[in-house]
Amino acid sequence: MLDVRFVRKNIDTVRQALANRQMQLDMGEFVRLDEHRRAVLAEVETLKNERNAASAEVAKRKRSGQDASDLLEGLSALSERIKGLDEQARKADEDSEAFLYSIPNIPHSSTPVGKSEADNPVVRVVGEVPSFDFTPKEHWELGQNLGGIDFDRAAKITGTRFAVLKGWAARMERALVAFMIDLHTREHGYTEVATPYIVNSDSLRGTGQLPKFEQDLFRLDFKDYYLIPTAEVPVTNLHRDETLDEADLPMGYTAYTPCFRSEAGSYGKDTKGLIRQHQFDKVEMVRFCKPEESYEQLELLTSQAEEVLKRLKLPYRVITLCTGDVGFSSAKTYDIEVWLPGQNAYREISSCSNFEDFQARRAGIRFKPKCGKAQLVHTLNGSGLAVGRTMVAILENYQRADGSVAIPKALVPYMGGLTELRP
RNA sequence: GGAGGGAUGGCCGAGCGGUUUAAGGCGGUGGUCUUGAAAACCAUUGAGGGGGAGACCCCUCCGGGGGUUCGAAUCCCUCUCCCUCCGCCA
């Protein structure tokens, strides 16, 4: 959420940001709602001031045993008027806040202006794309031939967009999680956390999934609970409504969690394989920092996600999401795309974003500087990495002509010494 | 599932209709003292919103929501969460 006072004073900046994001939103409506809200507020506050003064006078007289019935006479009516106006003020507040919640973050000046994903510039290309003297297979074929990935039984147990991993594949998922978490905790200074996979709606509002993206979530038919779409939600909300110590910043958490997404609106997209599942595993990194350091923190975070791919010797490229493609809450996002020989394409495997104070404002996450008032932190997060897609990338990049697949050296210790998979 | 107890500022904790503009303590910050530090003492120390060029002023906030009242941290209803005991349970 943006600062209401910022929006009020910089309405044209907001309009430009919306245009750059290819979004239609009538900011004139916001101005009307905001002015109405302040007018009602001014009126009700004047009356409350009157009432408070009169009540204090009543108290004073009663204490000294004097009669106060003349004062009491009009007060009942005044209170009734306040009650009515308070209701109007509440409504006006709700309306303008609802509008404010629908305004996306302002893209950072370094976020390139563009209409769609076609305009995302490539920042760097890393690693060598492997060449094959045979036609490389796609991962689902490899995975099924090697007896590790079973989509049919998953469909029986649950439905489409689920997978059962068996034997080496189940172990590889566990190995990848351990490998990534070890890297981030031992070498990148992150604190590992294990959080609930179910969160309440306050948490989802805090990170910006609600109110706008309810259709992407699995909502439980129990209380106000949702399955998490990413560990970003529980981990960022660890510090919701807290004031952090300046000395602790910047700080980072890493967490492994499954993620649950309804994938509403993506019917027919990536229907085969592990790329787009209702449930997938992900290792996430979340950072909290001071405003002035958040862009260097974004570079750091991105490099830490890239390090996973470097260690696994998987070729990838980094792109900057342009204004037309960057997420609702993000001011700047780098996507890391891994090379998939079977698809002959780069596919997203990590997304690293700086939300500046957009989430912190919603979630009430502050820090107290040595001198001065508490101010909002900046929050960042990035996948480090999506585990299923990492497995996809290993299968496709490490495949051989005979259908066997080598295990990346860095992963061998985590696979109990296993160096290759054979049909 | 049953029966009780609780939720107050960064933290602990008093308050149980109008001298609460939330006592007191801890912590934080500034100062006095000191070569420096500690101790002691003094002062200061929440958030959100609105108005104003500014000095400042006003409104709201004692877990959430609703009610009673001229007036609610305080009384009533309701929800959430935490604790204790019983039952069930990985």
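Per chain, numbering begins at 1; letters A, B, ... match sequence-line order.
- The P atoms of B/U78 and B/G2 are separated by 15 Å, rounded to the nearest whole Å.
- Protein atom CG of A/Asn200 is 14 Å distant from nucleotide atom C1' of B/C79, rounded to whole Å.
- Following rounding to the nearest Å, A/Ile82 (CD1) and B/A72 (P) show an atom-to-atom distance of 10 Å.
- Comparing the same atom, P, in B/U74 and in B/U21 gives a spacing of 14 Å after rounding to whole Å.
- Only the P atoms considered, B/G10 is 29 Å distant from B/G71, to the nearest whole Å.
- Pair check for B/U29 finds B/A43; Watson-Crick or G-U wobble, both atom distances under 3.5 Å.
- Using a 30° and 60° split on the angle between ring planes, A/Phe30 and A/Phe99 fall in the tilted class, from 30° to 60°.
- Here B/G65 presents its C1' atom at 14 Å from CG of A/Asp86, a figure rounded to the nearest Å.
- Each of A/Tyr225 and A/Glu87 lies near RNA chain B, and the nucleotide nearest A/Glu87 is the one positioned closer to the 5' end.
- Look at CD1 on A/Ile365: it is 16 Å from P on B/G10, rounded to the nearest Å.
- Rounded to whole angstrom, the span from the CD atom of A/Glu246 across to the C1' atom of B/G28 amounts to 13 Å.
- Annotation: B/U32 and B/A37 have their C1' atoms spaced 15 Å apart (nearest Å).
- Distance CG (A/Leu72) to C1' (B/C70): 5 Å, rounded to an integer number of Å.
- For the P atoms, the distance linking B/G13 with B/U8 amounts to 8 Å, nearest Å.
- In this entry the distance linking NZ of A/Lys62 with P of B/U69 reads 14 Å, nearest Å.
- Contact check on A/Arg276 versus A/Glu263 returns a salt bridge, with a Lys/Arg side-chain nitrogen under 4.0 Å from an Asp/Glu carboxylate oxygen.
- Across all strands shown, A/Thr243 has no heavy atoms under 4.0 Å from either base or sugar-phosphate atoms.
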If a protein heavy atom is under 4.0 Å from the base, mark B; if only from the sugar-phosphate, S; if neither, -; do that for nucleotides 45-59 of chain B going 5' to 3'. --SSBSS------BB
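- Salt bridge absent: A/Asp119 and A/Lys115 never bring a charged side-chain N and a carboxylate O closer than 4.0 Å.
- Salt bridge present: A/Arg8 and A/Asp34 bring a charged side-chain N and a carboxylate O closer than 4.0 Å.
- Separation of the P atoms belonging to B/G63 and B/C16 is 16 Å when rounded to the nearest angstrom.
- Atom C1' of B/A38 sits at a distance of 30 Å from the matching atom of B/G46, rounded to the whole Å.
- Separating the P atom of B/G9 from that of B/G15 is a span of 16 Å, rounded to the nearest Å.
- One interatomic measurement links the two molecules: CD of A/Glu242 to C1' of B/C11, which rounds to 13 Å at whole-angstrom precision.
- The partner of B/U80 is B/A7, by the rule that a Watson-Crick or G-U pair needs both atom distances under 3.5 Å.
- Between A/His378 and A/Tyr295, the distance from one ring center to the other does not fall under 6.0 angstrom.
- Across all strands shown, B/G1 forms a Watson-Crick or G-U wobble pair with B/C86, both key distances being under 3.5 Å.
- The minimum heavy-atom distance between A/Leu210 and A/Ser201, with the atom names listed, is CD1-CB, 3.7 Å.
- In this pair, A/Phe358 and A/Phe328 present their aromatic rings perpendicular. The plane angle is above 60°, beyond the 30 to 60° band.
- Remark on RNA chain B: of its neighbouring residues A/Arg90 and A/Val58, the 5'-side contact belongs to A/Val58, judged by nearest-heavy-atom nucleotide.
- Using a cutoff of 4.0 Å between basic side-chain nitrogens and carboxylate oxygens, A/Asp3 and A/Lys9 are not scored as salt-bridged.
- For B/A72, there is no paired nucleotide, since no Watson-Crick or G-U wobble pair has both relevant distances below 3.5 Å.
- Look at A/Lys83 and you'll find a side-chain N or O under 4.0 angstrom from OP1 or OP2 of B/U68.
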